[in-house]
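Positions are given from 1 along the sequence. This is a predicted model, so every value here is computed, not measured.
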Amino acid sequence: MSEEIKIGNVQLDNHIIVGPMAGISNNSFRSILKQFNPALIYSEMISDKAICFNNKKTLQMCQVEQTEKPIALQLFGKDADTMIKAAQYMDKQTDCDIIDINMGCPVPKVCRGNGGCSLMLEEDYACEMVKEIVKNINKPLTVKLRAGWDHQHINVVSMAEKMAKTGVSAIAIHPRTRAQYYSGHSDWDLIRQVKEKVNNIPIIGNGDINNIEDYVTMKEQTGCDFFMIARGCLGNPWLIKKLVEFDKYQRIIDDPSDLERLDQCLLHGQRLVRLKGEKTGIKEMRGHACWYINGLPFANKVKAKINFMETYNQFEQIINEYRQMIIADDYSALNN
């Protein structure tokens with residue numbers, strides 16, 4: 001009999017999850033990643049207050065396409081009343097499958113508003129708030145934690161133990177402190193410690209999974225139930241497919257060709273412009289396009305062009321000209 005893979009009552013196909021990234025995990029990004037068959041995709045974080053104020057842009061962020069499912073919408077904030085109301089909105093008014101509470105964002109403007117990682121400083125309050133949210137919604141609720149605020153306040157194990165008693169359906173652990181942001185290395189041993197203490201719900205390991213070897217090492221070292229990939233798939237959505245194939249079938253698939261990477265880059269740009277409009281979409285695509293071509297021949301010279309593009313036509317021209325250079329194995333035009 002095959003293993004039943006679930007978070008709460010949500011049936012999943014494998015153990016590979018695409019994590020939330022602020023300003024990145026929008027509908028266009030999620031639609032790209034969905035092609036590579038992750039078990040679950042998280043949205044970028046969404047403000048509780050903005051939902052309660054009926055902010056049009058924020059409510060649009062809550063919209064879910066059927067093709068994205070299963071999907072988790074991630075909520076951030078601290079005020080219990082508005083967090084409950086916003087979670088109820090996601091529960092009743094959106095087609096998401098799971099609601100997640102962000103307690104790991106290290107960005108100062110989020111922490112100053114008493115959301116994100118600042119909740120790690122108030123274990124009891126955070127757990128009481130989560131317990132009340134669970135009581136007021138029907139969909140599974142998950143939480144995403146960091147190691148702690150800084151190296152003097154690493155409390156993820158004790159907080160996870162308390163969170164496991166609130167009724168949440170899973171806990172994701174990014175074992176860096178808020179002070180680290182994304183520097184240094186994730187302390188995967190903290191994930192192991194959480195997993196040893198919490199065995200009634202799935203534990204999701206997050207941080208520094210960039211290849212199959214990292215996945216295998218985290219699995220062996222921590223025993224966690226799911227594996228969350230975020231920055232590792234920027235410009236490299238094939239990482240998700242590689243991990244899924246290995247997770248399900250122990251099969252290793254080939255890396256994409258250079259031309260496949262450019263094709264995917266163009267598709268991403270089309271979808272981002274459709275979602276955000278040309279001006280904003282192309283501005284955001286500068287970063288994505290640079291990630292896609294990382295490691296390709298003479299990539300830095302192409303990135304210099306990408307960083308100044310302002311229209312979709314310019315973007316398409318840059319990528320198509322680069323395509324012809326790769327096919328001809330002739331990059332002399334970049335020196336002109």
Visitor: Consider only side-chain N and O atoms of Asn136 and Lys85, and report whether a donor and an acceptor are under 3.5 Å apart.
Guide: no
Visitor: Please round to the nearest 0.5 Å and tell me the distance separating atom CG of Leu40 and atom CD1 of Ile204.
Guide: 7.5 Å
Visitor: Can you confirm whether the side chains of Asp330 and Ser332 place a donor and an acceptor under 3.5 Å from each other?
Guide: yes
Visitor: Would you check, one step at a time, whether the test side chain to side chain donor-acceptor pair (under 3.5 Å) holds for Gln317 with Glu321?
Guide: CA-CA 6 Å; Gln317 182 178 353; Glu321 287 178 354; 3.0 Å; yes
Visitor: Quick test of your reading: applying salt bridge (charged side-chain N to carboxylate O under 4.0 Å, His left out), list the pairs with at least one residue in residues 151-167, sequence neighbours left out, ordered by first then second residue.
Guide: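 Found Glu123-Lys162, Asp124-Lys162.
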Visitor: Name the orientation class of the two ring planes belonging to Phe36 and Trp238 (parallel below 30°, tilted from 30 to 60°, perpendicular beyond 60°).
Guide: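 Perpendicular: the ring planes of Phe36 and Trp238 meet at over 60°.
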Visitor: Under the criterion side chain to side chain contact (heavy atoms under 4.5 Å, CB included), which of Ile46, Thr94, Thr82 is the partner of Ile51?
Guide: Ile46
Visitor: Is the backbone of Gly104 close enough, under 3.5 Å, to the side chain of Arg146 for a donor and an acceptor to pair up by distance?
Guide: yes
Visitor: Quick one, Lys49 with Asn55, criterion side chain to side chain donor-acceptor pair (under 3.5 Å). Give me CA distance, side-chain angles, the key distance, then yes/no.
Guide: CA-CA 9 Å; Lys49 291 286 196 295; Asn55 178 276; over 6 Å; no
Visitor: Please report the interatomic distance NE2(His174) to CG(Asp187), rounded to the nearest 0.5 Å.
Guide: 11.0 Å
Visitor: Could you pull out all residues at least two apart from Pro38 that satisfy side-chain contact (heavy atoms from CB on, under 4.5 Å)?
Guide: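 Result, side-chain contact (heavy atoms from CB on, under 4.5 Å) vs Pro38: Val18, Ile41, Ile240.
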Visitor: For the residue pair Tyr215 and Phe246, categorise the inter-ring angle as parallel (less than 30°), tilted (30 to 60°) or perpendicular (more than 60°).
Guide: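 Aromatic pair Tyr215/Phe246 classed perpendicular.
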Visitor: Using 4.0 Å as the upper bound for N to carboxylate O, is an ion pair formed by Asp255 and Lys242?
Guide: yes
Visitor: Evaluate whether atom NZ of Lys276 has more than 12 neighbouring non-hydrogen atoms of other residues, nucleotides or ligands under 6.0 angstrom away.
Guide: yes
Visitor: Taking Arg30 as the fixed residue, which of Glu65, Glu68, Glu44 is the one that meets the salt bridge (charged side-chain N to carboxylate O under 4.0 Å, His left out) rule?
Guide: Glu68
